[in-house]
Amino acid sequence: MKRKAEPAAAAATAAPGTEEEDLSIWEDSNNNLKFTPLGSGREVGRSCHVLEFKGKRILLDCGIHPGKEGDELLPFFDRTDLSKIDICLITHFHLDHAASLPYLTERTSFKGQVFMTSCTKAILRLVLKDYVRILAHDPNNPPLYTQEQLTRCLERCQTVGLHQSIEIEGIKITPYLAGHVLGAAMFMLEIAGVRILYTGDYSREDDRHLPGAEIPSGRPDVLIVEATFGVLVHESREEREKRFTDTVEMIVRRGGNCLIPMGALGAVQELLLILEDHWNKNPDLRGINIYHTSRIANEALKVYKAFINVMNAEMRSRQLSDPWNLQNIGSLGENEVIQAPAVVLASPGYLQSGTSRRLFELWCSDRRNGVILAGYSVEGTLAKELSKAGSIKEIESLNGTMLTVDCDIKTITFAAHSDYPGTKSFVDQLRPKNIILVHGEQEQMRKLNADLSRDPTLRELGTNIYRPHNGEPVNLKFQEQRIVKAYGGELVQRRMRTPGTRVAAYLVRQDLTDRFISTEDLRMYTQLKTARVQQRLHIPFHRTFADLREAVGRVFQCEDVDTDDVKRAGSSILVNGHVEVFLQKSLVRLTWDASPSNDMVADALMAILLQAESGMAAVRIGTCCSAHGHEAHSHELDQEAKDEVPGSTEVGLSTVDPSRARATSIADVLKNSETALLLLNLLEERFGTESIRREADHLIITDGRQEARVDLDTKGHVFKFAMLGSLPPAAADDANIKAHDVSSVPHAERTTNMDAATSHDTGGDASKPEDVDPATATATAPAPAPAPVLALPSQVDAAGQTEKEPASDFEIALRETIALAAQTVHPVL
Ligand SMILES: [Zn+2]
Ligand SMILES: [Zn+2]
């Protein structure tokens, strides 16, 4: 389609602030709202606008221009990329707001969703079906779409109830009653906290069957409002109705036919109610026929009967007596000849073609007849020409002959659009920050713009008013601030109670809305799921609870925990409010909810506890006759264990439960301990069954090149692990056995949970000579190994620290498996 929009003026901008009560605000760079009329910019007809904000595009209405021909009928679709439109909203069923919709959905790249009220959808089906038929017989206009395309289009349309807020991709849409015609809605949009109200066609006045437009709640940042009647003031409804019935009566009483060209649905139903009432009150008129000739008149009536619940209170109260059962109105048969005098309401309203045009041409030359123009006459139509008083004496008929116009022509408009007082009070109540005038002829729009600009209320508010041409964008800056709403009962209440209080919550950006939501409420207001990861760590600890409390209390704030569990089994403190330290027998259990800060506290506690243990070990080594019986006993056990495996560098024995340190029959352990069985399974799985050798009181694991020894206590826990060294390539060669210090086991690794390992590092004298002297580090080989030669003796660095040979893959795999077994037994929840 090659068409040009009218010249565009410079883009207008405004930078209104926001008066929202914000919880938090910050700059947002993507803050330009762009509004472009593709039709009905300084004209009436082909209503269609694009609204762009925050990457979203919304099409407001999609009509045709009844006064134009060919592709001039359509809005300036080439002014936007239709494939990028997210949503199209249709305010009501009138052709100038909806008749391009099937063209949009079926013949362009548009892929978005379409919304309208269910009532509009029901009536639109009829109206557009009729429109396709009219276009099919119109030589000047190629059909825009077929009946099939119309059907497909309507299948795509979704409905939304009045006052029902829906949210699509961050765009919140709420329809409000617009008056005007049955089902008509104005749409309040909310995008990223900015409110835009598009009125479509609206009327504040109640009529016989419809309530007037509502005032939507919430102050709009942008009001896009129709300006059809500009600064005109309507006569009162009673006066208008009287003038109408008087005119009809005058024409029929003199024997003439009264033609009322009207669309098939809308204001015509209002006129039918007025005529029905008037005929009922004037029995002498009953002999005069009233016809409603539209092809869809009967179907239309059914729809009106079905949607009586959205009509005004008066109609709803008469629901049972069927107010749409009109006794004085008839329909015109196929070949029925109208006997004068008669009243005929015929479509279309603009007299461009169809029945109304045919009857007009038939009757216009007879001065007894009369025409009442009761709808809004769009520029470029015959109805509009006739409405210009005295301007037409002659017309060219559709078949080319000239006809004189002698009949009476009166304009008594029932088009339900807001007049100046209506617009003024609407605007005053809404107090919009920006007004964009659309759907009005140049002159009326100019006057309305001038009058509103002088309005003291709007001047005080600093409201900007725009009236863009078709294709001319209005750019509005929104906004320097973002609005963040606080959600959740407790969160909001706390804030309400003490303003200025700090509130910790999650900042959730969903689509285009920012919200503060407390953890507990995340599930309710978002689709986010929350999970609590609880960590648990066991550390051997052989001192008293008082020792523990003192060691921890030196660094952290502690409070006693007094749960039933604790009372039963041991003693417990809560460190920093989050990490529970629980001592039972010789084992400390740390429990905490995983979080960076809690994890750090737990790590620190582990260090403190290990240090406390090491202090205890030092005492043990130094004084066998310590007052602490348990410690003395431990020391003895140390000696005992060392004797048992001469020369080995086993560690952690001093911290092991006494029962563990005894030589244990592997067969018994495997029979009685699930822990041991699990470890064996894991080892077999990893290294193969043939790689595990069950000795009397320990396990030997080999990969063919190296061997390792694992000792289990009665409960199946590993209390000793030692690498025995490399095996010779072919047969075992004792000369090459290497001892490997267990102290390369990661220190107190949380994931390992190997009780012995977690404390091995500090389990003995800090300056243990065997740690640094290769000569004493002998292998715990199963075979007698006199004078073993270390393949790779440990190195001692300048600081006296042992530098150990890196662990082999086999050793690492073994440690991992042991750790895994320990972890499975003490699962990290
Ligand atoms: Zn309308
Ligand atoms: Zn309109």
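When a ligand or atom number is given, it counts from 1 through the structure's own listing order. Since we're looking at a predicted model, the values are computed, not measured.
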Cationic N near anionic O, under 4.0 Å, Arg237 to Asp207: no
Atom of Asp201 closest to the Zn ion (ligand 2), considering N, O or S atoms: OD2
Heteroatom of His94 nearest to the Zn ion (ligand 1) (N, O or S, atom name): ND1
Atom of His180 nearest the Zn ion (ligand 1) (restricted to N/O/S, atom name only): NE2
Residue His97, metal the Zn ion (ligand 1), N/O/S under 2.8 Å: no
N/O/S atom of His92 inside 2.8 Å of the Zn ion (ligand 1), strictly under: yes
The Zn ion (ligand 2) to nearest N/O/S of Asp96 less than 2.8 Å: yes
Aromatic plane relationship, His180 with His94 - under 30° parallel, 30 to 60° tilted, over 60° perpendicular: perpendicular
Ring geometry between Phe244 and Phe414 (parallel below 30°, tilted from 30 to 60°, perpendicular above 60°): perpendicular
Distance-only side-chain donor-acceptor flag, Asn464 / Asn434, under 3.5 Å: yes
Separation of Ile90 CD1 from Leu124 CG (nearest 0.5 Å): 7.5 Å
